[in-house]
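I have placed the structure first, in the form of structure tokens, so that the comments after it can refer back to it.
These values consider heavy atoms only, across backbone and side chains, with no hydrogens, waters or symmetry-generated copies. In what follows, chains are A, B, ... by sequence order, proteins preceding strands, each numbered from 1.
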Number of protein chains: 2
Amino acid sequence: MSAIGDVARLAGVAKATASRALSGRGYVSTETRAKVIAAAHEIGYVASPNAASLVTGRTQSVGVIIPFISRWFFGEVLESVEQALLDQGYDMTLYNLPPESLERDRVFDFFLARKRFDGIISVGVALSEREVDHLHRLGRPLVGIGGPIRGAATIEIDDVAAARLATEHLLSLGHRDIVHVGGSQVDEMDFHVHSNRLRGFQAAMMAAGLSVSGCFYSAEFTMPGGYERGLAILGDPRRRPTAIFAASDEIAFGLILAARELGIRVPTELSVIGIDGHPHAEMFRLTTLAQHPRAQGGLAVRTLLAELATKDGTKLHTRRESIAPDQCDADGTSDSIVLATNLVIRSSTSAPRARVTHRS
Amino acid sequence: MSAIGDVARLAGVAKATASRALSGRGYVSTETRAKVIAAAHEIGYVASPNAASLVTGRTQSVGVIIPFISRWFFGEVLESVEQALLDQGYDMTLYNLPPESLERDRVFDFFLARKRFDGIISVGVALSEREVDHLHRLGRPLVGIGGPIRGAATIEIDDVAAARLATEHLLSLGHRDIVHVGGSQVDEMDFHVHSNRLRGFQAAMMAAGLSVSGCFYSAEFTMPGGYERGLAILGDPRRRPTAIFAASDEIAFGLILAARELGIRVPTELSVIGIDGHPHAEMFRLTTLAQHPRAQGGLAVRTLLAELATKDGTKLHTRRESIAPDQCDADGTSDSIVLATNLVIRSSTSAPRARVTHRS
DNA sequence: GGCCTTCATGGAACCGGTTCCATGGTCGTC
DNA sequence: GACGACCATGGAACCGGTTCCATGAAGGCC
């Protein structure tokens with residue numbers, strides 16, 4: 001269609017001048033700039049980012065790696081990241097890498113190696129040292145959400161503390177017979193979320209002088225996952241706890257539905273607390289420890305773009321042989337930002353009904 | 001890092017030969033190809049798609065426009081589209097455009113005009129004639145999911161028929177007092193899904209000789225949306241229908257929860273049917289008309305890539321002045337593919353209990 | 001008035017590939 | 001033996017921008 005040469009010709013200037021006028025870099029007189037802009041507007045000129053990135057090394061686009069799209073937390077993060085990037089004129093290229101994905105190596109060795117983006121945001125995907133090195137070698141900054149990545153800035157919540165707080169809420173209501181339903185360590189693709197929440201639970205229980213043996217059940221991180229597990233746990237009246245701490249709101253919803261199905265009243269006969277702050281929590285009147293995925297997404301974008309701005313001088317496709325490892329750390333960018341969670345009390349939790357405890 | 005010139009030098013051939021060897025186009029002897037590939041491998045060469053697309057006009061990437069990410073249907077479509085594109089070596093660039101988005105013009109005039117992709121998939125976003133023209137002028141094929149776009153191939157289900165089938169299922173069980181809970185026409189960003197489903201419902205009712213006045217309630221397209229509406233509709237025993245046809249499974253879930261809350265038994269006292277085939281339907285034992293978003297996504301990608309293959313000869317950044325409108329239609333690509341839905345009967349529907357009908 | 005600095009602009013190289021065109025060698029055929 | 005078809009390769013132009021460098025004009029200062 002129309003190239004910058006056409007604009008230059010129409011405005012009666014050289015390509016170089018047209019480029020300066022449009023990009024705002026370098027010296028251009030006010031009138032010339034106006035002429036060029038008018039000419040560009042007239043023929044509907046839109047710059048080709050390909051051509052520009054070929055020489056500048058900047059692509060104005062960011063790659064996002066994420067294991068799920070339809071799960072609430074990830075969907076929210078994705079929406080906020082996309083929004084924030086769009087605001088800044090960046091494109092977002094999405095790589096969906098489910099935990100058991102076979103594509104993983106291909107994405108790293110082929111797609112990411114193509115250097116199509118200025119930076120990468122990795123959401124809930126723990127990267128191996130090799131993978132981080134790979135990205136570093138490409139000179140592309142990396143920001144993680146949801147857990148620490150060695151040598152990269154990370155936005156996260158304190159899962160141990162959140163789980164401890166949730167458990168302490170139940171303890172403070174007087175519960176002693178508490179069970180934790182969370183994700184299994186086996187398919188713990190996303191950092192150590194599952195085990196951290198378990199650890200927080202155990203820490204709180206042990207601090208209260210309670211045993212934690214037999215108090216953990218794993219479930220799929222979904223509403224049906226919680227439902228199935230709930231039917232199993234609550235089915236036997238003699239082993240029924242007075243409260244359950246669910247590792248996610250969706251699990252908690254499933255547990256509540258299971259309880260209702262079995263005729264167990266929430267919170268009178270069973271208290272349930274979750275972690276997330278899912279919008280459906282209101283409907284289920286679920287007490288939960290709210291985290292804020294949209295804030296995490298927005299912050300990740302700001303962090304990444306700030307890092308890019310720092311590098312601004314350095315052409316990204318610089319030819320230096322390699323970046324010294326210590327130089328990366330010297331950036332001061334490898335620290336992690338911990339975002340707050342807050343307890344939202346609704347009516348799925350209350351003091352336990354006075355009754356004989358069936359469990360030891 | 002390493003450019004194709006380095007590879008050529010190492011292999012002892014010209015850039016042109018190296019390019020041919022690596023891309024597989026044109027004549028190269030077997031030994032030369034082997035030498036080049038070995039050299040490329042040795043220095044870890046990865047082609048720059050930017051440079052390539054500059055001359056070929058192909059970017060090996062596809063833009064996806066979608067109004068929501070976290071709603072089930074859209075999330076599923078997204079996952080399947082991304083997967084299918086990845087398989088074919090394409091990148092996916094995502095534009096999330098909520099219905100009321102102010103970014104819309106910016107996305108079309110700035111982001112999409114940058115010509116960073118070979119084609120576009122629009123999911124549940126009705127494009128204005130201007131917008132379609134815009135894309136056509138760029139010479140980029142367009143495939144829609146979820147409703148007809150003038151002058152572009154579209155993958156969709158027959159919403160009218162699906163709604164009719166769902167309603168007929170209730171009618172065939174003996175229900176006469178049926179209500180439809182669906183999306184409002186007002187915020188009907190996504191094509192005519194809402195009104196089509198309403199029309200299907202009305203057609204079935206009228207074919208059975210039933211009145212449809214006062215039989216429609218709007219709700220947000222979510223579980224809480226259905227829940228709120230359910231409490232309102234079912235709260236008044238004298239006006240309570242014997243069956244509800246929900247425009248989506250998530251609405252249906254909300255309705256079922258509202259019914260349970262009010263002590264109304266499903267399906268004995270109230271039948272509920274939805275449209276979607278949501279994975280949670282099993283848990284709610286919801287009878288539903290299943291559509292298959294992953295199939296829609298996969299098919300959209302195949303359709304788009306096929307269109308791209310057709311154009312293969314024509315360089316995408318061709319300089320012809322403009323494409324004749326009739327030539328677009330002559331492509332034969334503007335027909336729409338209608339995918340089947342299927343009725344999945346579970347236990348949220350049954351014959352109505354014999355009782356006096358309170359409504360007229 | 002001469003010199004240095006700052007601003008404005010044009011020419012040309014360059015980013016990293018692809019592709020057109022020209023050259024030359026091989027082989028088959030009449 | 002000459003001619004044409006086909007294969008293999010190299011040189012160079014090109015895609016559409018950005019940026020370096022050179023040139024020249026205008027203004028400030030001694």
- Message: Testing the 3.5 Å rule here: is there a donor-acceptor pair between the side chains of T32(B) and S29(B)?
- Response: yes
- Message: In whole Å, I'd like the distance from the CG atom of L54(A) to the C1' atom of dT19(D).
- Response: 13 Å
- Starting from C1' on dT18(C), measure out to CG on N50(B) and report it in whole angstrom. 14 Å
- Starting at atom CG of L22(A), determine the distance to atom P of dG17(D), rounded to an integer number of angstrom. 9 Å
- Among residues two or more places apart or on two chains, list those pairs meeting salt bridge (charged side-chain N to carboxylate O under 4.0 Å, His left out) that have a residue in residues 121-131 of chain B. R104(B)-E131(B), D105(B)-R130(B), D109(B)-R130(B), E129(B)-R150(B)
- Does a donor on one side chain sit under 3.5 Å from an acceptor on the other, for Q83(A) and E103(B)? yes
- Task: Please check the phosphate of dG16(D) (OP1 and OP2 only) for any side-chain N or O of Y45(A) closer than 4.0 Å.
- Result: no
- Message: Holding to side-chain hydrogen bond (donor to acceptor under 3.5 Å, both in side chains), I want the full list of residues that pass it with N96(B), two or more places apart in sequence or in another chain.
- Response: none
- Please give, in whole Å, the distance from dC15(C) P to K115(A) NZ? 12 Å
- Task: Please round to the nearest 0.5 Å and tell me the distance separating atom CG of L299(A) and atom OG1 of T154(A).
- Result: 11.0 Å
- Task: Grab the CZ-C1' distance between R25(A) and dA8(C) for me, whole Å please.
- Result: 17 Å
- Message: What's the separation between atom CD1 in I155(A) and atom CZ in R302(A), rounded to the nearest 0.5 Å?
- Response: 9.0 Å
- Sorted by chain and number, sequence neighbours left out, side-chain hydrogen bond (donor to acceptor under 3.5 Å, both in side chains) with Y95(A) holds for D91(B)
- OP1 or OP2 of dT18(C) sitting under 4.0 Å from any side-chain N/O of S19(B)? yes
- Between CG of L138(A) and CZ of R114(A), what distance do you get to the nearest 0.5 Å? 13.0 Å
- Query: Which angle, to the nearest 10 degrees, lies between the helix axes at the two ends of the helix from dG1(C)-dC30(D) to dC30(C)-dG1(D), each defined by five pairs?
  - Reply: 50°
- Query: Base, sugar-phosphate, or nothing for S48(B), non-hydrogen atoms under 4.0 angstrom?
  - Reply: sugar-phosphate
- With sequence neighbours excluded, what pairs up with R294(A) under the side-chain hydrogen bond (donor to acceptor under 3.5 Å, both in side chains) test? E76(A), E79(A)
- Sugar-phosphate or base contact per nucleotide [nucleotides 9-14 of chain C; S, B, -; heavy atom under 4.0 Å]: BBB---
- Query: Can you tell me how far P of dG16(D) sits from CZ of R114(B), to the nearest Å?
  - Reply: 17 Å
